[in-house]
Protein chains: 2
Amino acid sequence: MTKNKENNTEALILDAAKDIFQHKGMEGARMQEIADKAGINKAMLHYYYRSKQKLFEAVFKSAINLMAPKVVEIINTEEHLFDKIRNFTDKYITFISKHSYIPLFIINELRRNPEILKTTLDHNFDVSVRDKLREEIAILIQNKEIKPISAEQLFLDVISLCVFPIITKPLMTVILDKNNKQYDEIITQRKKYVADFIINAIKY
Amino acid sequence: MTKNKENNTEALILDAAKDIFQHKGMEGARMQEIADKAGINKAMLHYYYRSKQKLFEAVFKSAINLMAPKVVEIINTEEHLFDKIRNFTDKYITFISKHSYIPLFIINELRRNPEILKTTLDHNFDVSVRDKLREEIAILIQNKEIKPISAEQLFLDVISLCVFPIITKPLMTVILDKNNKQYDEIITQRKKYVADFIINAIKY
DNA sequence: AAATAGTTTAACCGCTTGGTTGACAAAAGT
DNA sequence: ACTTTTGTCAACCAAGCGGTTAAACTATTT
């Protein structure tokens, strides 16, 4: 996890909490385990974060604020859509591979409490980003560079193809009969493969 | 959940356990809650299934045995690959939409215990199915009907594009700014959209 | 109809859980 | 110098957990 250089207790707790919560979820995590990992007394968790729920929310928001900007960042560049796609798949697969527990963590805890996002994400992923992408696609369709597709479907395609194979690694290694190393190689190849796949699918 | 016609207590428990476990996971589920849902005494859970772990495993195996055959079934038909893809995306998206909690349930609990599959799935998803798909793709590549791609990558593509948008509904409705009904419509359109998308991506 | 086996229940048990308390020490303010 | 604030800890607590028990009820066998 994110190592903190200062021996600041509050940050020490948050780092330990990230590790435990993201691997075990809200229900699976134990306050004692987080305290042990942080190397401090359990009472400190409540001193700094009041309750398990509050500590969890801090971890959740930190996860959202780690993931969301990465998406927005690339969409907001001035490149051609095809370059955006190549850029995104490569960077996002690399990034998610490094933080493979976070997407599932977000998906799960959002199911338990669908409201939690409304106070966190709205600012990061606002209307302008969506509209910009929609416009860009509309122009490319008009210019007959790409087939007539909806921005929403394309967005879902890109994210699905990047994220799903990573979060389902334990399942897919069994189904595809690969060991960890072999599967990691498949994921590495996907960084280029997925971009070509998508571009082939949408171009005229 | 699956309703059972007989007032067979054992089946009543399993149905209730499916519901609770699949929504809340192993750690989040409470034995008392399962008993309440089944309308019986908590001691009955232990009478029929010994422990929470054993009951959970029964639910997990039932989930695997519901999902796996659906995949194998379609791969094993004698249709052309493109028809298989059209058939699969349509049927699988419909099917997963009806049981939207199961994929996430399987993915999650497989992370906690990667060994659990080895006693369950191996028989359903054996070598012959994999080899058959690989051969079919090899022939199509040789005939220049499709681009040279690996069977593994294509398999990951298909499953990702079908399943991920469904399990991330609570997240995606916020990101894409859709209400439930609008998002369901997007999923419905995907049944055809995904097949076209994939076929365009791989065909010559 | 008595005995037996199978099913269901309320009450209970030991343990773990998130959270609290009060004593105490180290800074910080005066 | 001493008072207040902030940070830390071991010990504790009530609630809730999975699991057990012994007795009661029901169906089956003899």
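Atom set for the values below is all heavy atoms of this structure, side chains included, hydrogens, waters and symmetry mates excluded. By convention in this document, chain letters (A, B, ...) are assigned in the order of the sequence lines, proteins followed by strands, and residues within each chain are numbered from 1.
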Checklist entry - Does a side-chain N or O from Thr9(A) land closer than 4.0 Å to OP1 or OP2 of dT8(D), or not? => result yes

Checklist outcome for this item: In whole angstroms, the gap separating P of dA10(C) from CG of Leu45(B) amounts to 14 Å

Checklist outcome for this item: Of the candidates dT21(C), dG18(D), dT9(C), the side chain of Ala43(B) sits closest to dT9(C)

Checklist entry - Using 30° and 60° as the class limits, which term best fits the ring planes of Phe95(B) and His99(B): parallel, tilted or perpendicular? => result tilted

Next on the checklist: So, does Arg50(B) get its side chain near the phosphate of dG19(D), meaning an N or O under 4.0 Å from OP1 or OP2?
Outcome noted: no

Checklist entry - Checking all strands, does Ala35(A) fall into the base, sugar-phosphate, or nothing category for heavy-atom contacts under 4.0 angstrom? => result nothing

Item to check | Any Leu55(B) side-chain heavy atom under 4.5 Å of Ile34(B) side chain | outcome: yes

Next on the checklist: From NE2 of His46(A) over to C1' of dG19(C), roughly how many Å is that when rounded to an integer?
Outcome noted: 5 Å

Checklist entry - Quick one: are the ring centres of Phe105(A) and Phe56(A) less than 6.0 Å apart? => result yes

Item to check | DNA chain D: 5'-proximal contact among Tyr48(A) and Lys42(A) (nearest heavy atom) | outcome: Tyr48(A)

Checklist entry - Do Arg130(A)'s NZ or CZ and the ring of Phe155(A) fall within the cation-pi criteria of under 6.0 Å and 45°? => result no

Checklist entry - Atom CG of Asn41(A) to atom C1' of dA10(D): distance rounded to whole Å? => result 7 Å

Next on the checklist: Tell me the interatomic distance from Ile20(B), atom CD1, to dG18(D), atom P, rounded to whole angstroms.
Outcome noted: 12 Å

Checklist entry - For the pair made of CZ in Arg30(B) and P in dC17(D), what is the distance, rounded to whole Å? => result 5 Å

Next on the checklist: Output the rounded distance in Å from CE (Met44(A)) to C1' (dG7(D)).
Outcome noted: 6 Å

Checklist entry - What is the distance from CD1 of Ile34(B) to C1' of dC17(D), rounded to the nearest Å? => result 13 Å

Checklist entry - What's the OH-P distance between Tyr47(A) and dT6(D), to the nearest Å? => result 7 Å

